[in-house]
Participant: 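Structure incoming, see below.
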Number of protein chains: 2
Amino acid sequence: MKLSNGVEWALHSCVTLSQSREPVPASLLAELHGTPPSYLAKHLQALSRAGIVHSTAGQAGGYELTRPAAQISALEVVRAIDGGEPAYRCTEIRQRGPLALPAARCERPCAIARAMAAAEDAWADALRHVTVADLAARIDADSEGTAMTAVSSWLAAARQGSGHATRQGRTHVLG
Amino acid sequence: MKLSNGVEWALHSCVTLSQSREPVPASLLAELHGTPPSYLAKHLQALSRAGIVHSTAGQAGGYELTRPAAQISALEVVRAIDGGEPAYRCTEIRQRGPLALPAARCERPCAIARAMAAAEDAWADALRHVTVADLAARIDADSEGTAMTAVSSWLAAARQGSGHATRQGRTHVLG
DNA sequence: GCAACTCGGACAAACTATGTCTGAGTTGGG
DNA sequence: CCCAACTCAGACATAGTTTGTCCGAGTTGC
(Lines give C-alpha, C1' and ligand atoms only; values in the text may rest on other atoms or scores of the structure.)
Protein backbone atom coordinates (compact mmCIF):
# COMPACT_ATOMS: atom_id res chain seq x y z
CA MET A 1 0.00 0.00 0.00
CA LYS A 2 1.77 3.11 -1.20
CA LEU A 3 0.34 6.58 -1.47
CA SER A 4 1.21 8.64 -4.52
CA ASN A 5 4.03 11.07 -4.02
CA GLY A 6 1.99 13.92 -5.44
CA VAL A 7 -0.31 13.85 -2.43
CA GLU A 8 2.37 15.51 -0.36
CA TRP A 9 2.92 18.20 -2.94
CA ALA A 10 -0.80 18.83 -3.28
CA LEU A 11 -1.28 19.25 0.46
CA HIS A 12 1.65 21.63 0.73
CA SER A 13 0.39 23.53 -2.31
CA CYS A 14 -3.05 23.96 -0.77
CA VAL A 15 -1.50 25.26 2.44
CA THR A 16 0.58 27.68 0.40
CA LEU A 17 -2.41 28.81 -1.63
CA SER A 18 -4.30 29.51 1.58
CA GLN A 19 -1.77 32.27 2.29
CA SER A 20 -2.33 34.18 -0.94
CA ARG A 21 -5.46 35.97 -2.01
CA GLU A 22 -4.13 36.34 -5.57
CA PRO A 23 -3.64 33.55 -8.11
CA VAL A 24 -0.29 31.74 -7.82
CA PRO A 25 1.27 30.18 -10.94
CA ALA A 26 2.23 26.53 -10.81
CA SER A 27 5.83 27.46 -11.58
CA LEU A 28 6.07 29.44 -8.35
CA LEU A 29 4.64 26.58 -6.32
CA ALA A 30 7.14 24.19 -7.90
CA GLU A 31 10.01 26.54 -7.20
CA LEU A 32 8.95 27.06 -3.60
CA HIS A 33 8.59 23.33 -2.94
CA GLY A 34 11.53 22.14 -4.99
CA THR A 35 9.47 19.82 -7.19
CA PRO A 36 9.45 19.08 -10.94
CA PRO A 37 7.33 21.93 -12.35
CA SER A 38 5.49 19.97 -15.03
CA TYR A 39 4.61 17.12 -12.75
CA LEU A 40 3.24 19.39 -10.07
CA ALA A 41 1.16 21.07 -12.77
CA LYS A 42 -0.46 17.76 -13.56
CA HIS A 43 -1.51 17.28 -9.96
CA LEU A 44 -2.83 20.82 -9.77
CA GLN A 45 -4.98 19.97 -12.76
CA ALA A 46 -6.41 17.11 -10.73
CA LEU A 47 -7.21 19.51 -7.91
CA SER A 48 -8.89 21.78 -10.42
CA ARG A 49 -11.03 18.95 -11.74
CA ALA A 50 -12.08 18.13 -8.17
CA GLY A 51 -13.21 21.69 -7.61
CA ILE A 52 -10.69 22.44 -4.90
CA VAL A 53 -8.72 25.07 -6.80
CA HIS A 54 -9.64 27.40 -9.64
CA SER A 55 -7.29 28.23 -12.48
CA THR A 56 -7.00 31.57 -14.22
CA ALA A 57 -5.17 31.87 -17.52
CA GLY A 58 -3.16 34.74 -18.88
CA GLN A 59 -0.40 36.92 -17.63
CA ALA A 60 -1.64 37.45 -14.09
CA GLY A 61 -3.09 33.97 -13.86
CA GLY A 62 -2.44 30.97 -11.66
CA TYR A 63 -4.23 28.85 -9.09
CA GLU A 64 -6.30 29.87 -6.08
CA LEU A 65 -8.53 28.05 -3.64
CA THR A 66 -12.20 27.99 -4.49
CA ARG A 67 -13.27 28.01 -0.83
CA PRO A 68 -11.94 29.20 2.50
CA ALA A 69 -9.22 26.88 3.72
CA ALA A 70 -11.31 25.98 6.75
CA GLN A 71 -13.86 24.37 4.45
CA ILE A 72 -11.41 22.12 2.59
CA SER A 73 -10.63 18.82 4.27
CA ALA A 74 -7.41 16.92 3.85
CA LEU A 75 -9.48 13.97 2.69
CA GLU A 76 -10.75 15.93 -0.29
CA VAL A 77 -7.20 16.72 -1.38
CA VAL A 78 -6.01 13.15 -0.97
CA ARG A 79 -9.00 11.79 -2.86
CA ALA A 80 -8.50 14.29 -5.67
CA ILE A 81 -4.93 13.13 -6.26
CA ASP A 82 -5.12 9.47 -5.42
CA GLY A 83 -8.61 8.71 -6.67
CA GLY A 84 -11.59 7.69 -4.61
CA GLU A 85 -11.26 3.96 -5.17
CA PRO A 86 -10.80 1.90 -2.01
CA ALA A 87 -7.38 0.40 -1.37
CA TYR A 88 -8.82 -3.07 -0.82
CA ARG A 89 -11.21 -4.34 -3.43
CA CYS A 90 -12.82 -7.74 -3.09
CA THR A 91 -12.52 -10.01 -6.11
CA GLU A 92 -15.24 -12.31 -4.78
CA ILE A 93 -13.07 -15.30 -4.05
CA ARG A 94 -16.05 -17.00 -2.42
CA GLN A 95 -17.76 -17.23 -5.80
CA ARG A 96 -14.86 -19.15 -7.34
CA GLY A 97 -13.34 -22.56 -6.87
CA PRO A 98 -14.93 -25.88 -5.96
CA LEU A 99 -16.89 -24.44 -3.04
CA ALA A 100 -18.17 -21.41 -4.91
CA LEU A 101 -21.24 -19.84 -3.39
CA PRO A 102 -24.14 -18.95 -5.68
CA ALA A 103 -24.43 -15.26 -6.49
CA ALA A 104 -27.81 -15.10 -4.78
CA ARG A 105 -26.16 -15.64 -1.39
CA CYS A 106 -23.50 -13.00 -2.00
CA GLU A 107 -25.57 -9.85 -1.86
CA ARG A 108 -23.72 -8.54 1.17
CA PRO A 109 -19.97 -8.01 0.97
CA CYS A 110 -17.65 -10.70 2.25
CA ALA A 111 -16.77 -10.46 5.94
CA ILE A 112 -13.15 -9.82 5.06
CA ALA A 113 -14.12 -7.01 2.72
CA ARG A 114 -16.30 -5.53 5.46
CA ALA A 115 -13.42 -5.51 7.91
CA MET A 116 -11.09 -3.86 5.43
CA ALA A 117 -13.74 -1.30 4.49
CA ALA A 118 -14.29 -0.44 8.16
CA ALA A 119 -10.58 0.20 8.55
CA GLU A 120 -10.55 2.48 5.53
CA ASP A 121 -13.55 4.34 6.89
CA ALA A 122 -11.61 4.99 10.10
CA TRP A 123 -8.73 6.31 8.01
CA ALA A 124 -11.02 8.57 6.02
CA ASP A 125 -12.75 9.89 9.12
CA ALA A 126 -9.42 10.89 10.60
CA LEU A 127 -8.63 12.96 7.50
CA ARG A 128 -12.14 14.32 7.09
CA HIS A 129 -11.89 16.31 10.30
CA VAL A 130 -8.58 17.98 9.40
CA THR A 131 -8.86 21.07 7.24
CA VAL A 132 -6.24 22.88 5.21
CA ALA A 133 -6.60 25.78 7.64
CA ASP A 134 -5.75 23.42 10.51
CA LEU A 135 -2.62 22.27 8.72
CA ALA A 136 -1.53 25.83 8.03
CA ALA A 137 -2.08 26.78 11.67
CA ARG A 138 -0.08 23.80 12.92
CA ILE A 139 2.80 24.45 10.54
CA ASP A 140 2.81 28.05 11.69
CA ALA A 141 2.84 26.98 15.32
CA ASP A 142 5.73 24.61 14.68
CA SER A 143 7.76 27.50 13.26
CA GLU A 144 6.77 29.80 16.13
CA GLY A 145 4.62 31.95 13.91
CA THR A 146 7.11 32.72 11.18
CA ALA A 147 6.44 30.20 8.41
CA MET A 148 3.17 31.47 6.99
CA THR A 149 4.15 35.12 6.93
CA ALA A 150 7.41 34.14 5.24
CA VAL A 151 5.46 32.26 2.59
CA SER A 152 3.03 35.06 1.85
CA SER A 153 5.75 37.67 1.69
CA TRP A 154 7.90 35.49 -0.57
CA LEU A 155 4.93 34.97 -2.88
CA ALA A 156 4.27 38.70 -3.05
CA ALA A 157 7.91 39.44 -3.79
CA ALA A 158 8.15 36.74 -6.45
CA ARG A 159 4.97 37.97 -8.11
CA GLN A 160 6.20 41.55 -8.09
CA GLY A 161 9.63 40.70 -9.43
CA SER A 162 8.25 38.71 -12.34
CA GLY A 163 8.81 41.73 -14.55
CA HIS A 164 12.42 42.24 -13.55
CA ALA A 165 13.85 38.74 -13.82
CA THR A 166 12.66 35.96 -16.05
CA ARG A 167 11.42 32.74 -14.48
CA GLN A 168 14.48 31.00 -15.84
CA GLY A 169 16.82 33.58 -14.39
CA ARG A 170 15.38 33.53 -10.89
CA THR A 171 15.38 29.77 -10.78
CA HIS A 172 19.00 29.74 -11.72
CA VAL A 173 19.93 32.22 -9.05
CA LEU A 174 18.14 30.27 -6.34
CA GLY A 175 19.30 26.90 -7.51
CA MET B 1 -3.36 4.17 -2.75
CA LYS B 2 -3.81 0.62 -3.84
CA LEU B 3 -3.47 -2.48 -1.70
CA SER B 4 -1.77 -5.51 -3.20
CA ASN B 5 -4.09 -8.12 -4.56
CA GLY B 6 -2.33 -10.87 -2.63
CA VAL B 7 -3.61 -9.44 0.66
CA GLU B 8 -7.04 -10.82 -0.12
CA TRP B 9 -5.63 -14.26 -0.91
CA ALA B 10 -3.53 -14.27 2.23
CA LEU B 11 -6.46 -13.42 4.47
CA HIS B 12 -8.64 -16.08 2.90
CA SER B 13 -5.80 -18.58 3.15
CA CYS B 14 -5.37 -17.89 6.85
CA VAL B 15 -9.08 -18.37 7.42
CA THR B 16 -8.91 -21.64 5.54
CA LEU B 17 -5.85 -22.80 7.45
CA SER B 18 -7.66 -22.11 10.72
CA GLN B 19 -10.06 -24.91 9.78
CA SER B 20 -7.42 -27.61 9.39
CA ARG B 21 -5.20 -29.03 12.06
CA GLU B 22 -3.00 -30.74 9.45
CA PRO B 23 -0.64 -29.03 6.99
CA VAL B 24 -2.32 -27.86 3.78
CA PRO B 25 -0.25 -27.65 0.57
CA ALA B 26 -0.21 -24.39 -1.33
CA SER B 27 -1.62 -26.13 -4.37
CA LEU B 28 -4.78 -27.02 -2.48
CA LEU B 29 -5.24 -23.45 -1.26
CA ALA B 30 -4.80 -22.17 -4.79
CA GLU B 31 -7.30 -24.67 -6.15
CA LEU B 32 -9.83 -23.83 -3.46
CA HIS B 33 -9.54 -20.08 -4.02
CA GLY B 34 -9.15 -20.12 -7.79
CA THR B 35 -5.82 -18.31 -7.80
CA PRO B 36 -2.55 -18.79 -9.70
CA PRO B 37 -0.77 -21.51 -7.68
CA SER B 38 2.77 -20.20 -7.97
CA TYR B 39 1.84 -16.65 -7.12
CA LEU B 40 -0.09 -17.67 -4.05
CA ALA B 41 2.95 -19.68 -3.01
CA LYS B 42 5.05 -16.56 -3.10
CA HIS B 43 2.66 -14.80 -0.72
CA LEU B 44 2.59 -17.80 1.59
CA GLN B 45 6.36 -17.54 1.75
CA ALA B 46 5.92 -13.99 2.98
CA LEU B 47 3.54 -15.22 5.67
CA SER B 48 6.12 -17.81 6.63
CA ARG B 49 8.85 -15.19 6.92
CA ALA B 50 6.56 -13.12 9.16
CA GLY B 51 6.06 -16.08 11.50
CA ILE B 52 2.35 -16.38 10.85
CA VAL B 53 2.45 -19.80 9.18
CA HIS B 54 4.88 -22.67 9.37
CA SER B 55 5.87 -24.76 6.37
CA THR B 56 6.58 -28.47 6.36
CA ALA B 57 8.30 -30.11 3.42
CA GLY B 58 7.86 -33.58 2.03
CA GLN B 59 4.97 -35.72 0.98
CA ALA B 60 2.61 -34.89 3.83
CA GLY B 61 3.81 -31.30 4.03
CA GLY B 62 2.14 -27.95 3.59
CA TYR B 63 1.33 -24.83 5.57
CA GLU B 64 -0.27 -24.47 8.99
CA LEU B 65 -0.82 -21.61 11.38
CA THR B 66 1.82 -21.17 14.04
CA ARG B 67 -0.68 -19.85 16.60
CA PRO B 68 -4.36 -20.16 17.39
CA ALA B 69 -6.40 -18.11 14.94
CA ALA B 70 -7.67 -15.95 17.79
CA GLN B 71 -4.12 -14.70 18.35
CA ILE B 72 -3.47 -13.62 14.75
CA SER B 73 -4.69 -10.17 13.85
CA ALA B 74 -5.70 -9.09 10.38
CA LEU B 75 -3.12 -6.33 10.66
CA GLU B 76 -0.32 -8.86 10.96
CA VAL B 77 -1.40 -10.57 7.77
CA VAL B 78 -1.73 -7.33 5.83
CA ARG B 79 1.64 -6.11 7.04
CA ALA B 80 3.28 -9.42 6.14
CA ILE B 81 2.14 -9.14 2.53
CA ASP B 82 2.17 -5.44 1.93
CA GLY B 83 5.18 -4.51 4.02
CA GLY B 84 5.18 -2.37 7.12
CA GLU B 85 6.13 0.88 5.45
CA PRO B 86 3.63 3.70 5.86
CA ALA B 87 1.58 4.69 2.83
CA TYR B 88 2.48 8.35 3.22
CA ARG B 89 6.13 9.16 3.65
CA CYS B 90 7.31 12.71 4.09
CA THR B 91 10.08 13.84 1.76
CA GLU B 92 10.80 16.90 3.91
CA ILE B 93 9.61 19.53 1.50
CA ARG B 94 10.11 22.14 4.19
CA GLN B 95 13.87 21.60 3.99
CA ARG B 96 13.97 22.37 0.28
CA GLY B 97 13.40 25.44 -1.85
CA PRO B 98 14.07 29.12 -1.15
CA LEU B 99 12.39 29.03 2.28
CA ALA B 100 14.10 25.85 3.44
CA LEU B 101 14.14 25.41 7.18
CA PRO B 102 17.41 24.36 8.84
CA ALA B 103 17.57 20.73 9.87
CA ALA B 104 17.89 21.72 13.51
CA ARG B 105 14.29 23.01 13.53
CA CYS B 106 12.94 19.87 11.86
CA GLU B 107 13.33 17.35 14.63
CA ARG B 108 9.60 16.73 14.88
CA PRO B 109 7.73 15.49 11.82
CA CYS B 110 5.92 17.99 9.62
CA ALA B 111 2.35 18.77 10.65
CA ILE B 112 1.06 17.26 7.42
CA ALA B 113 3.02 14.08 8.05
CA ARG B 114 1.61 13.95 11.57
CA ALA B 115 -1.95 14.18 10.29
CA MET B 116 -1.38 11.45 7.73
CA ALA B 117 0.31 9.24 10.30
CA ALA B 118 -2.60 9.67 12.68
CA ALA B 119 -4.99 8.52 9.97
CA GLU B 120 -2.88 5.46 9.27
CA ASP B 121 -2.78 4.69 12.96
CA ALA B 122 -6.57 4.73 13.02
CA TRP B 123 -6.59 2.34 10.08
CA ALA B 124 -4.13 0.02 11.78
CA ASP B 125 -6.04 0.06 15.05
CA ALA B 126 -9.19 -1.02 13.26
CA LEU B 127 -7.40 -4.04 11.84
CA ARG B 128 -5.45 -4.80 14.98
CA HIS B 129 -8.60 -5.73 16.87
CA VAL B 130 -9.89 -8.15 14.22
CA THR B 131 -8.50 -11.66 14.44
CA VAL B 132 -8.48 -14.44 11.90
CA ALA B 133 -10.85 -16.32 14.20
CA ASP B 134 -13.26 -13.38 14.07
CA LEU B 135 -13.20 -13.43 10.30
CA ALA B 136 -13.83 -17.16 10.18
CA ALA B 137 -16.75 -16.80 12.59
CA ARG B 138 -18.31 -14.02 10.56
CA ILE B 139 -17.95 -15.87 7.29
CA ASP B 140 -19.53 -18.88 8.92
CA ALA B 141 -22.38 -16.75 10.24
CA ASP B 142 -22.96 -15.25 6.79
CA SER B 143 -23.33 -18.74 5.36
CA GLU B 144 -25.61 -19.83 8.20
CA GLY B 145 -23.02 -22.13 9.67
CA THR B 146 -22.21 -24.17 6.57
CA ALA B 147 -19.09 -22.55 5.09
CA MET B 148 -16.42 -23.59 7.57
CA THR B 149 -17.54 -27.18 7.86
CA ALA B 150 -17.65 -27.39 4.09
CA VAL B 151 -14.09 -26.12 3.90
CA SER B 152 -12.71 -28.51 6.48
CA SER B 153 -14.45 -31.51 4.95
CA TRP B 154 -13.31 -30.56 1.46
CA LEU B 155 -9.75 -30.26 2.70
CA ALA B 156 -9.93 -33.67 4.36
CA ALA B 157 -11.33 -35.27 1.23
CA ALA B 158 -8.77 -33.65 -1.03
CA ARG B 159 -5.92 -34.65 1.26
CA GLN B 160 -7.18 -38.25 1.40
CA GLY B 161 -7.68 -38.55 -2.32
CA SER B 162 -4.19 -37.36 -3.12
CA GLY B 163 -3.17 -40.97 -3.63
CA HIS B 164 -6.00 -41.81 -5.98
CA ALA B 165 -6.00 -38.89 -8.40
CA THR B 166 -3.07 -36.74 -9.37
CA ARG B 167 -3.17 -33.01 -8.66
CA GLN B 168 -3.51 -32.43 -12.36
CA GLY B 169 -6.38 -34.84 -12.66
CA ARG B 170 -8.41 -33.45 -9.83
CA THR B 171 -7.94 -29.92 -11.04
CA HIS B 172 -9.23 -30.95 -14.42
CA VAL B 173 -12.30 -32.63 -13.00
CA LEU B 174 -13.24 -29.65 -10.87
CA GLY B 175 -12.44 -27.04 -13.48
C1' DG C 1 -2.96 43.70 -32.47
C1' DC C 2 0.91 41.73 -30.34
C1' DA C 3 3.59 39.41 -27.15
C1' DA C 4 4.10 36.98 -23.10
C1' DC C 5 2.36 34.21 -19.87
C1' DT C 6 -0.92 30.78 -18.33
C1' DC C 7 -3.12 26.14 -18.18
C1' DG C 8 -4.37 21.58 -20.31
C1' DG C 9 -3.75 17.24 -22.19
C1' DA C 10 -0.85 14.07 -25.07
C1' DC C 11 3.79 11.58 -25.15
C1' DA C 12 8.02 8.62 -23.23
C1' DA C 13 10.82 6.34 -19.27
C1' DA C 14 11.24 3.95 -14.74
C1' DC C 15 9.58 1.35 -11.34
C1' DT C 16 6.70 -1.87 -8.91
C1' DA C 17 3.43 -5.50 -8.91
C1' DT C 18 2.12 -9.66 -11.19
C1' DG C 19 2.83 -14.07 -12.90
C1' DT C 20 5.82 -18.13 -14.16
C1' DC C 21 9.50 -21.28 -13.98
C1' DT C 22 13.12 -24.31 -12.48
C1' DG C 23 16.01 -25.99 -8.59
C1' DA C 24 17.01 -27.66 -3.60
C1' DG C 25 15.37 -30.23 0.26
C1' DT C 26 12.53 -33.53 2.75
C1' DT C 27 9.49 -37.16 3.59
C1' DG C 28 7.50 -41.70 3.07
C1' DG C 29 7.55 -46.20 1.17
C1' DG C 30 9.86 -50.35 -1.03
C1' DC D 1 19.37 -48.47 2.53
C1' DC D 2 17.74 -46.43 -1.87
C1' DC D 3 14.33 -44.44 -4.75
C1' DA D 4 10.57 -41.76 -6.15
C1' DA D 5 7.26 -38.30 -5.36
C1' DC D 6 5.95 -34.39 -3.27
C1' DT D 7 6.92 -30.12 -0.90
C1' DC D 8 8.73 -25.34 -0.39
C1' DA D 9 11.92 -21.50 -1.75
C1' DG D 10 14.10 -18.30 -4.47
C1' DA D 11 15.55 -16.57 -9.24
C1' DC D 12 13.58 -15.13 -13.85
C1' DA D 13 10.23 -12.66 -17.54
C1' DT D 14 6.01 -9.76 -18.17
C1' DA D 15 2.36 -6.24 -17.59
C1' DG D 16 0.54 -2.30 -15.55
C1' DT D 17 1.01 1.90 -13.06
C1' DT D 18 3.40 5.65 -11.52
C1' DT D 19 6.59 9.22 -12.45
C1' DG D 20 8.34 12.61 -15.36
C1' DT D 21 8.55 15.57 -19.69
C1' DC D 22 7.02 17.90 -23.63
C1' DC D 23 4.42 20.82 -26.78
C1' DG D 24 0.00 23.05 -28.24
C1' DA D 25 -4.45 25.94 -27.24
C1' DG D 26 -6.29 29.75 -24.86
C1' DT D 27 -6.28 34.08 -22.29
C1' DT D 28 -4.78 38.25 -20.43
C1' DG D 29 -2.50 42.68 -20.28
C1' DC D 30 -0.08 46.21 -22.83
Side-chain angles (χ1 to χ4, degrees), chain A residues 1-10 13 22-31 34-50 53-64 81-83 85 87 89 91 158-159 161-171, chain B residues 1-10 13 17 22-31 34-50 53-64 81-83 85 87 89 91 158-159 161-170:
Chain A
M1 184 174 57
K2 197 179 67 173
L3 205 47
S4 170
N5 201 355
V7 170
E8 184 183 10
W9 306 344
S13 294
E22 296 180 356
V24 180
S27 56
L28 276 189
L29 290 170
E31 184 181 340
T35 61
S38 305
Y39 196 24
L40 180 66
K42 169 174 282 192
H43 290 309
L44 290 172
Q45 290 169 27
L47 291 180
S48 177
R49 253 172 271 155
V53 302
H54 172 71
S55 65
T56 347
Q59 265 187 345
Y63 288 97
E64 54 191 343
I81 301 297
D82 192 64
E85 297 176 6
R89 61 211 176 299
T91 61
R159 203 116 188 47
S162 77
H164 293 269
T166 68
R167 187 84 53 241
Q168 200 83 4
R170 187 172 62 253
T171 304
Chain B
M1 184 173 59
K2 196 179 69 173
L3 206 48
S4 170
N5 200 355
V7 170
E8 183 182 10
W9 306 346
S13 294
L17 288 177
E22 297 180 356
V24 180
S27 56
L28 276 190
L29 289 171
E31 182 182 341
T35 62
S38 306
Y39 195 24
L40 180 66
K42 168 173 283 191
H43 291 307
L44 290 172
Q45 291 170 26
L47 291 180
S48 177
R49 252 172 271 154
V53 302
H54 172 70
S55 65
T56 346
Q59 265 186 345
Y63 288 98
E64 54 190 343
I81 302 298
D82 192 63
E85 298 176 6
R89 61 206 176 303
T91 60
R159 202 114 190 48
S162 78
H164 293 268
T166 70
R167 187 86 54 242
Q168 200 83 4
R170 187 170 61 257

Participant: Under 4.0 Å: is that the gap between some side-chain N or O of B/T56 and OP1 or OP2 of C/dT27?
Facilitator: no
Participant: Determine, stepwise, if the pair A/E64 / A/V24 fulfils side chain to side chain contact (heavy atoms under 4.5 Å, CB included).
Facilitator: CA-CA 7 Å; A/E64 54 191 343; A/V24 180; over 6 Å; no
Participant: Please report the interatomic distance NE2(B/H43) to OG(B/S13), rounded to the nearest 0.5 Å.
Facilitator: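 Answer rounded to 0.5 Å: 9.5 Å.
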Participant: Starting at NE2 of A/H54 and ending at C1' of C/dG8, how long is that distance when rounded to a whole Å?
Facilitator: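 Answer to the nearest Å: 14 Å.
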Participant: Do you know which two heavy atoms are closest between A/S4 and A/I81, and how far apart they sit?
Facilitator: OG-CG2, 4.4 Å
Participant: Measuring from atom OG1 of B/T91 to atom CZ of B/R89, what distance do you get when rounded to the nearest 0.5 angstrom?
Facilitator: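 It comes to 8.5 Å.
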Participant: In whole angstroms, how far is the P atom of D/dA9 from the CD atom of B/Q45?
Facilitator: 5 Å
Participant: With no hydrogens and no angle check, is any side-chain donor or acceptor of A/R159 less than 3.5 Å from a backbone partner on A/A60?
Facilitator: yes
Participant: Could you state the CG-P distance from A/L44 to D/dT19, rounded to the nearest angstrom?
Facilitator: 15 Å
Participant: Phosphate oxygens OP1/OP2 of C/dG9: is one of them under 4.0 Å from a side-chain N or O of A/R49?
Facilitator: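 Indeed, a polar side-chain atom of A/R49 lies that close.
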Participant: Assuming nearest nucleotide by heavy-atom distance, tell me which of A/A57 and B/A60 is located more 5' along DNA chain D.
Facilitator: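 Residue closer to the 5' terminus by nearest nucleotide: B/A60.
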Participant: Can you see which heavy atom on A/P36 is nearest to which on A/W9, and at what distance?
Facilitator: CD-CH2, 3.9 Å
Participant: From the list D/dC6, D/dT7, C/dC7, which nucleotide is the closest neighbour of the side chain of B/Q59?
Facilitator: D/dC6
Participant: Locate the shortest heavy-atom distance separating B/V7 from B/D82; write the atom from each residue and the value.
Facilitator: CG2-CB, 4.5 Å
Participant: Nearest whole Å is fine: how far is C/dC7 P from A/L47 CG?
Facilitator: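 Taking atom P of C/dC7 as the reference, CG of A/L47 is at 13 Å.
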Participant: Between C/dG9, D/dA9, C/dT6, which nucleotide gets closest to the side-chain atoms of B/S48?
Facilitator: D/dA9
Participant: Between protein and nucleotides 14-19 of chain C, what N or O pairs are separated by less than 3.5 Å?
Facilitator:
| residue | atom | partner | partner atom | Å |
| --- | --- | --- | --- | --- |
| C/dT18 | OP1 | B/N5 | N | 3.2 |
| C/dT18 | OP2 | B/S4 | OG | 2.7 |
| C/dT18 | OP2 | B/Y39 | OH | 3.2 |
| C/dT18 | O5' | B/Y39 | OH | 3.2 |
| C/dG19 | O6 | B/K42 | NZ | 2.8 |

Participant: Nearest 0.5 Å please: distance from the CE atom of B/M1 over to the CE atom of A/M1.
Facilitator: 6.5 Å
Participant: Pull out every protein N or O sitting under 3.5 Å from an N or O of nucleotides 22-24 of chain C, one pair per line with the distance.
Facilitator:
none

Participant: Regarding B/A41, tell me which of base, sugar-phosphate or nothing describes its non-hydrogen contacts under 4.0 Å with the strands shown.
Facilitator: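 It contacts nothing in the nucleic acid.
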Participant: Measure across B/L47 and B/A10 and return the closest heavy-atom pair with its distance rounded to 0.1 Å.
Facilitator: CD1-CB, 4.1 Å
Participant: D/dC6 C1' sits how many Å from B/E22 CD, rounded?
Facilitator: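 Going from CD in B/E22 over to C1' in D/dC6 covers 16 Å.
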